[in-house]
Amino acid sequence: MDKVNIDRKKILVVDDHSVVRQGLARFINNEQDLIVCAEAEDAGEAITAIDRTSPDAAVVDVGLKGTNGIELAKAIKNRFSIPVLILSMLDEAIYAERAIKAGARGYIMKSESVEMIIGALREIMSGKIYLSPSIKESLLEKLLGGPSEGGGSPIDALTNRELEVFRMIGEGHSTRHIAAGMLLSVKTIETYRERIKKKLNLENADALVQYAIQWRVDEGM
């Protein structure tokens, strides 16, 4: 192995789409100081890859099957000491704060340039937290201003798992389809739906579906 490879920081790429993994790996491997040491399509493969390759950082898609990227970031924080960059197509105004609270060191949209993603990766490996300027400002205002007069969005009361179920309801997925996508039982998803209805003060399933669809429209998701 040559000196260049020895000095390179090892990166784990976690995404359930092989095309995305391969594309991102190609760009990372083009950097003289970075190299992809492993790829994974779900949380289980990611944990195994970390045990096997000891990466210096992980780039994780938020929308994984089964355990989502935010929950995986929490698991990685609890078991390992490597920084995680969440890469997502989901609205950062909704998910970025949750990702950081779960243990991720950064959150960046998939719509950003590869150069921005590489820059964010280097930033979290230097010990910093990476967020877009608009989200940094929003979180700072929230921190300095304290609780908002309106008490925040009702959506804030949902757990990460409940939010994922709620998002998929808004996308028009059935309970059975959501269960398959999250690798959970139909009964478990039904329990999540009931919890969501109670937290959002919704009377029935139709009201839940309408609320979830409207939420997606309002958020431009």
Side-chain angles (χ1 to χ4, degrees), residues 12-21 39-50 58-79 84-104 107-110 151-221:
L12 168 66
V13 176
V14 187
D15 194 293
D16 59 353
H17 294 93
S18 60
V19 172
V20 175
R21 293 198 307 271
E39 299 178 18
E41 67 175 4
D42 57 33
E45 286 189 5
I47 296 299
T48 299
I50 293 173
V59 181
V60 177
D61 178 26
V62 74
L64 303 174
K65 292 182 179 179
T67 300
N68 64 37
I70 293 178
E71 295 298 322
L72 175 57
K74 183 186 296 184
I76 291 175
K77 180 183 179 182
N78 290 337
R79 292 186 55 178
V84 174
L85 175 66
I86 295 291
L87 184 63
S88 177
M89 293 179 64
L90 302 178
D91 187 358
E92 60 181 345
I94 303 295
Y95 291 89
E97 182 178 359
R98 289 174 178 264
I100 298 302
K101 286 181 176 179
Y107 190 101
I108 189 167
M109 301 295 291
K110 283 186 174 180
S153 168
I155 303 301
D156 293 342
L158 302 182
T159 66
N160 292 330
R161 281 281 180 142
E162 289 166 353
L163 179 59
E164 186 172 6
V165 172
F166 182 69
R167 176 180 64 80
M168 294 181 76
I169 291 172
E171 292 175 348
H173 298 299
S174 67
T175 297
R176 188 171 299 278
H177 187 277
I178 295 172
M182 296 180 68
L183 304 182
L184 297 171
S185 69
V186 170
K187 184 176 181 179
T188 298
I189 299 303
E190 289 174 345
T191 298
Y192 278 130
R193 290 177 66 109
E194 289 302 314
R195 291 178 184 172
I196 295 167
K197 284 193 296 182
K198 288 181 180 179
K199 288 185 177 182
L200 300 182
N201 196 27
L202 300 171
E203 294 183 358
N204 51 47
D206 288 342
L208 172 60
V209 172
Q210 292 173 11
Y211 193 110
I213 293 173
Q214 187 59 51
W215 176 73
R216 285 183 54 79
V217 170
D218 291 343
E219 296 299 330
M221 297 174 68

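Keep in mind that this is a model prediction, so the values were computed, not measured.
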Drop me the distance from [X]'s [atom1] to [Y]'s [atom2], to the nearest 0.5 angstrom.
X: E164; Y: L184; atom1: CD; atom2: CG; answer: 8.5 Å
X: L208; Y: K197; atom1: CG; atom2: NZ; answer: 7.0 Å
X: L90; Y: M109; atom1: CG; atom2: CE; answer: 7.0 Å
X: L200; Y: R195; atom1: CG; atom2: CZ; answer: 13.5 Å

Report task. Kindly check if the number of other-residue, nucleotide or ligand heavy atoms within 6.0 Å of CG (N201) is above 12? Result -> no

So [Y] and [X], do their side chains get closer than 4.5 Å, heavy atoms only?
X: I169; Y: Y192; answer: no
X: K110; Y: L87; answer: yes
X: K77; Y: K74; answer: no
X: I47; Y: R79; answer: yes
X: I76; Y: I50; answer: yes

Whether the side chain of [X] engages the backbone of [Y] through a donor-acceptor N/O pair (distance < 3.5 Å, no angle test) should be reported.
X: N68; Y: L64; answer: no
X: Q214; Y: Q210; answer: no
X: R21; Y: E39; answer: no
X: E171; Y: M168; answer: no

Requested in this report: Given side-chain contact (heavy atoms from CB on, under 4.5 Å), test D61 with D16 step by step and report yes or no.
Outcome: CA-CA 8 Å; D61 178 26; D16 59 353; 3.8 Å; yes

Query raised in the report: Out of I155, D206, I196, which residue meets the side chain to side chain contact (heavy atoms under 4.5 Å, CB included) rule with Y211?
Result: I155

Query raised in the report: Yes or no on side-chain contact (heavy atoms from CB on, under 4.5 Å) for V13 and V60, after CA distance, side-chain angles and deciding distance?
Result: CA-CA 6 Å; V13 176; V60 177; over 6 Å; no

Query raised in the report: Side-chain donor-acceptor pair under 3.5 Å between S185 and T188, yes or no?
Result: yes

Query raised in the report: Does a side chain donor of either Y95 or S88 reach within less than 3.5 Å of an acceptor in the other side chain?
Result: no

Under-4.0 Å salt bridge between [X] and [Y]:
X: E190; Y: K187; result: no
X: D156; Y: K199; result: no
X: K101; Y: E97; result: yes

Non-hydrogen atoms of [X] and [Y] that approach each other most closely:
X: L85; Y: Y107; result: CD1-N, 3.9 Å
X: G69; Y: I86; result: O-CD1, 3.6 Å
X: A49; Y: L12; result: CB-CD1, 3.8 Å
X: V84; Y: A73; result: CG1-CB, 4.2 Å
X: T67; Y: E71; result: CG2-CB, 3.5 Å

Return all side-chain donor-acceptor pairs below 3.5 angstrom for residues 175-182, not counting sequence neighbours, or 'none' if the list is empty.
from, atom 1, to, atom 2, distance (Å)
T175, OG1, R193, NH1, 3.4
H177, ND1, H173, ND1, 3.3

Query raised in the report: Step by step, would you call I70 with L163 a side-chain contact (heavy atoms from CB on, under 4.5 Å)?
Result: CA-CA 11 Å; I70 293 178; L163 179 59; over 6 Å; no

